[in-house]
Amino acid sequence: MVTGPSLGEFEQVVLLAILRLGENAYGVTIGAEIIAYTGREPGPGALYPTLDRLEIKGSVSSRLGDPTPQRGGRAKRYFEVNAKGLAAITRAQQSYRKLLEGRELPGLNYA
Amino acid sequence: MRSIHVAEWILGLVTNRERAASTVGDLVEQTPARGAVWFWFGILRTAASLLWRGLADNPVRVTAVAMVGVAIDIVASLLLAGLSGLVFFVGARNAHQAPWSSGWWMVGLDGLTLIVSVLVGRILARSAPGRELSACLVRYPRFGIQPCDNVCLSWRLRPLRAAGGVPQRCGPTDTRPGRRCIGAPTRAGPASATPQAARFHSSGFDR
């Protein structure tokens with residue numbers, strides 16, 4: 001029986017991007033990381049509500065940085081994946097792996 | 001920059017101020033590379049998405065808040081209707097012209113309705129922090145229809161008043177020009193002498 005929040009496909013992408021970025025994960029860098037690794041550009045209308053939703057689910061936590069003049073004096077909001085989010089993304093990825101067991105997809109090779 | 005404050009205000013309608021500020025900051029940071037059009041599209045799309053999330057994530061709570069708003073609105077409308085009735089009867093007894101046919105009365109009624117709607121909106125905003133706009137949007141059909149029907153009624157009466165076809169309350173001995181009583185013959189002929197007045201009478205609007 002699976003417990004904890006389930007994750008949508010884009011939520012998994014955002015969580016993995018935050019994990020990759022470590023301490024420098026805020027809106028701009030998360031968007032850039034997603035473009036760099038998936039080739040798709042998430043619009044602000046998709047990214048920010050997803051970050052909000054992940055925080056409400058308890059998968060990520062956020063803290064405010066210092067305001068900078070390049071941002072019109074607005075602070076950055078840094079995101080961090082917490083234990084609940086880590087468990088959720090692990091569970092989701094394990095499900096994908098199980099579904100792929102014994103199957104071969106063109107161009108996909110798990111080392 | 002003034003536009004940043006406007007953008008922050010727009011996002012502040014659908015999320016809390018801290019989140020709105022950091023989101024605007026992210027978009028400002030990317031504006032030199034992407035342009036002002038992208039910035040504003042980003043603000044509007046983010047606001048629309050957050051608004052939809054407010055409705056979709058908790059439809060029961062948002063609907064409950066909206067229903068409270070509708071209930072308050074109905075009570076306020078009944079009070080306004082009572083006031084209108086009082087003014088109508090007092091005015092009809094003491095004046096020659098029915099007060100509801102006055103444009104100023106319609107404007108006053110619309111103004112009161114708008115004030116009531118704004119006050120109900122404030123109550124909703126306090127009971128649903130972070131989802132203010134969602135709750136008000138659910139209530140919108142109620143908010144939108146009432147001022148509209150008053151405005152439509154005003155416009156419906158306008159050409160009739162201009163043509164002198166609006167029924168005037170007057171005594172049988174009132175022979176001043178332009179004072180035609182419903183159903184009473186005048187020097188120019190029956191009450192439905194002009195085409196617009198004829199349409200008015202045939203629509204049954206004066207009954």
Side-chain angles (χ1 to χ4, degrees), chain A residues 4-11 13-15 17-18 21 23-36 40-80 88, chain B residues 1-62 128-134 137:
Chain A
S6 60
L7 295 173
E9 191 259 346
F10 188 61
E11 287 175 335
V13 170
V14 171
L15 274 180
I18 295 171
L21 286 162
E23 289 191 350
N24 192 32
Y26 69 101
V28 177
T29 54
I30 294 168
E33 195 79 353
I34 292 171
I35 294 171
R40 76 189 211 198
E41 187 177 347
L47 183 60
Y48 293 103
T50 303
L51 287 168
D52 264 14
R53 196 163 52 241
L54 286 171
E55 197 163 6
I56 290 166
K57 281 181 179 178
S59 300
V60 299
S61 52
S62 68
R63 63 181 168 83
L64 283 177
D66 294 324
T68 57
Q70 294 87 358
R71 299 168 50 85
R74 268 67 180 172
K76 292 175 184 172
R77 179 177 286 275
Y78 290 103
F79 291 90
E80 189 183 9
Chain B
M1 208 160 57
R2 196 178 168 188
S3 60
I4 297 179
H5 291 290
V6 175
E8 207 171 318
W9 177 79
I10 292 171
L11 287 185
L13 293 171
V14 285
T15 187
N16 65 44
R17 291 188 68 155
E18 277 184 356
R19 284 178 200 280
S22 61
T23 304
V24 169
D26 284 355
L27 296 178
V28 168
E29 193 179 326
Q30 298 173 81
T31 300
R34 294 172 182 259
V37 173
W38 178 87
F39 173 81
W40 283 109
F41 265 110
I43 292 291
L44 294 177
R45 287 179 65 182
T46 306
S49 298
L50 288 170
L51 177 63
W52 172 245
R53 184 183 62 84
L55 288 168
D57 284 2
N58 209 340
V60 176
R61 168 144 174 75
V62 173
R131 290 196 170 94
E132 295 93 341
L133 199 59
S134 308
L137 201 72

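Convention: sequence-line order gives letters A, B, ...; per-chain numbering from 1. Side chains are part of it too, since the values below use all heavy atoms of this structure and drop only hydrogens, waters and symmetry mates.
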Just wondering, more than 12 heavy atoms not from [X] lying within 6.0 Å of its [atom1]?
X	atom1	result
B/Arg34	CZ	yes
B/Phe41	CZ	no
A/Glu80	CD	no

Closest approach of A/Gly45 to B/Ser49 (non-hydrogen atoms, all atoms of both residues): O-OG, 2.7 Å
In short, B/Ile4 meets A/Gly72 closest at the heavy-atom pair CD1-CA, 4.1 Å
Enter the distance from A/Leu47:CG to B/Arg45:CZ here, rounded to the nearest 0.5 Å. 11.5 Å
Distance check, rounded to the nearest 0.5 Å: B/Thr15 atom OG1 versus A/Asp52 atom CG? 5.0 Å
Hey, are the side chains of B/Trp38 and A/Pro44 touching, using non-hydrogen atoms and a 4.5 Å cut-off? yes
Please classify the contact between A/Leu64 and chain B as side chain, backbone, both or neither, with a heavy-atom cut-off of under 4.5 Å. side chain
Find the one option among B/Val24, B/Asp26, B/Thr23, B/Thr46 whose heavy-atom pairs under 4.5 Å with chain A are most numerous. B/Asp26
B/Glu18, part contacting chain A, at a heavy-atom distance under 4.5 Å: both
Go through the atoms of B/Ala21 and report whether side chain, backbone, both or neither lie under 4.5 Å from a heavy atom of chain A. both
Options A/Arg53, A/Arg71, A/Gln70, ranked by heavy-atom pairs under 4.5 Å with chain B, top entry: A/Arg71
Are the charged groups of A/Arg74 and B/Glu29 less than 4.0 angstrom apart, N to O? no
